[in-house]
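Each chain gets a letter, A, B and so on, in the order the sequences are listed, and its residues count up from 1.
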Protein chains: 2
Amino acid sequence: MDIKQTYSISELAKEFDVTTRSIRFYEDQELLRPTRRGQARIFSSKDRVRLKLILRGKRMGFSLAETKELFDLWDETLSGNEKQLLKMLTILENKRAQLEQQKNDIAQAEMEMDTAEARCREALAELQKKKKQQAPAKEEARQTAEN
Amino acid sequence: MDIKQTYSISELAKEFDVTTRSIRFYEDQELLRPTRRGQARIFSSKDRVRLKLILRGKRMGFSLAETKELFDLWDETLSGNEKQLLKMLTILENKRAQLEQQKNDIAQAEMEMDTAEARCREALAELQKKKKQQAPAKEEARQTAEN
DNA sequence: AAACTACTTTACGTTTACGTAAACTTTATC
DNA sequence: GATAAAGTTTACGTAAACGTAAAGTAGTTT
């Protein structure tokens, strides 16, 4: 049970910091399926969850098509015949492998950022040294000023 | 010290499973800077490393422009004046935050995949039960056949 | 020398994921 | 009842990241 049952397009746009254009586009691509009151779209909390998943997918480098595929598959899975269920399981395995790859990539990136940062700090320290040599007289003044 | 000093375009294309078109495009966008022998491109091991970084960046959802920015910044950093160094450090912080976000996203996704998989297996188990009820006579035959 | 292979440039085409402008409708407010 | 506020459709535009010919060059094999 969510806090609210329905949402307007601009409510969702604000909450997730996307444009209404994007949301309409996601509907056009059938990733969201709002109902209508007259012309206006009414989004359910299911739509809200899906929007959240869409955006997370994007951050993880998934295309809208990929995300839609997962949504569709999951819907089919719910009215599950055996084939669909098995297919879903294998796809889940594939996605898990993808996530593993991403975790490796991230770990690698973090390590490299560590060494990059270290080199930066070294270089900075070098510069500081040279400054001191050029103007050692001002040192005490700055020390007291740093409080 | 790498195994090899220089690479042809097709060597790199094969090794990293990208098209030569992509590699030329990366050069065009100034992410790679091969030298030439006549017309032909000669890639250094530095280029090779960069290509690897480009592709990892893509898997992590980075645009080529973002990656190029990092490359350029890092190059400037090497001939580091203080401002550049400090800028690099803050950018590294930002990237770290991004990685944290991605790690959260992945963890979330993994949890949801766990529950999704569990539901799939439950549904499958249900289907198996129904099958048994409909044809309990064939059970022993199948059991022995499964060896 | 002809053919093959690997590489090149030029340039137009394509997909994805929206941006942006124009011209309405509906509802709320003054 | 005018006007603003929030929503709508239609439709053309755009940036990114290549794909895909077309046509040429350079070296090497037969």
Taking all atoms of both residues into account, what is the closest heavy-atom pair of B:I42 and B:R36, and its distance?
CD1-C, 4.2 Å
Across the strands shown, which category fits A:R36 at heavy-atom distances under 4.0 angstrom: base, sugar-phosphate, nothing?
sugar-phosphate
For atom CG of A:L31 and atom C1' of C:dT16, their distance in whole Å
13 Å
Out of A:K87, A:K83, A:Q84, which residue meets the side chain to side chain donor-acceptor pair (under 3.5 Å) rule with A:E76?
A:Q84
Would you say D:dG7 has OP1 or OP2 under 4.0 Å from some side-chain N or O of A:T20?
no
Less than 4.0 angstrom between a side-chain N/O of B:Y26 and OP1 or OP2 of D:dC18, yes or no?
yes
Whole-Å distance, A:D28 CG to C:dC18 P, equals 12 Å
Rounded to whole Å, please give me the gap between NZ in A:K14 and C1' in D:dA5.
12 Å
For the pair made of CD in A:Q39 and P in D:dT9, what is the distance, rounded to whole Å?
6 Å
Phosphate-side-chain proximity, B:K58 and D:dC18, N/O vs OP1/OP2 below 4.0 Å
yes
Heavy atoms from other residues, nucleotides or ligands near CZ of B:R59 exceed 12 (cutoff 6.0 Å)
yes
Does a side-chain N or O of B:S22 approach OP1 or OP2 of D:dA17 to a distance below 4.0 Å, or not?
no
On a heavy-atom basis, which atom in A:I9 and which in A:I23 lie closest, and how many Å separate them?
O-CD1, 3.7 Å
Tell me which residues in residues 63-73 of chain A put a heavy atom below 4.0 Å from DNA chain C, sorted by number, or none.
A:S63, A:L64
Phosphate OP1/OP2 of C:dT9 contacted by B:R41 side-chain N/O (<4.0 Å):
yes
Quick one: B:I9 CD1 to D:dT25 C1', roughly how many Å, whole number?
15 Å
Rounding to an integer number of Å, can you tell me how far B:F25 CZ sits from C:dA11 P?
17 Å
Which heavy atom in A:T20 sits nearest to a heavy atom in A:A13, and how many Å separate them?
CG2-CB, 4.1 Å
Taking the cut-offs as 6.0 angstrom to the six-membered ring centre and 45 degrees off its axis, would you call B:K68 and B:Y26 a cation-pi pair?
no
Heavy-atom closest pair (B:L64 atom, B:I54 atom, distance to 0.1 Å) is CD2-CG2, 3.8 Å
Side chain of A:R21, base of C:dT20: donor and acceptor closer than 3.5 Å?
yes
Can you tell me the distance, in whole Å, between the CD atom of B:E11 and the C1' atom of C:dT5?
15 Å
Regarding A:T19, tell me which of base, sugar-phosphate or nothing describes its non-hydrogen contacts under 4.0 Å with the strands shown.
sugar-phosphate
Spacing between A:F62 atom CZ and C:dT16 atom P, to the nearest angstrom:
17 Å
At under 4.0 Å between heavy atoms, what does A:R24 touch on the DNA or RNA strands: base, sugar-phosphate, or nothing?
base
If you find the nucleotide of DNA chain D closest to B:Q29 and the one closest to A:E27, which residue's nucleotide is nearer the 5' end?
A:E27
Work out which heavy atom in A:E110 is nearest to a heavy atom in B:R96; give both atom names and the distance.
O-NH1, 4.2 Å
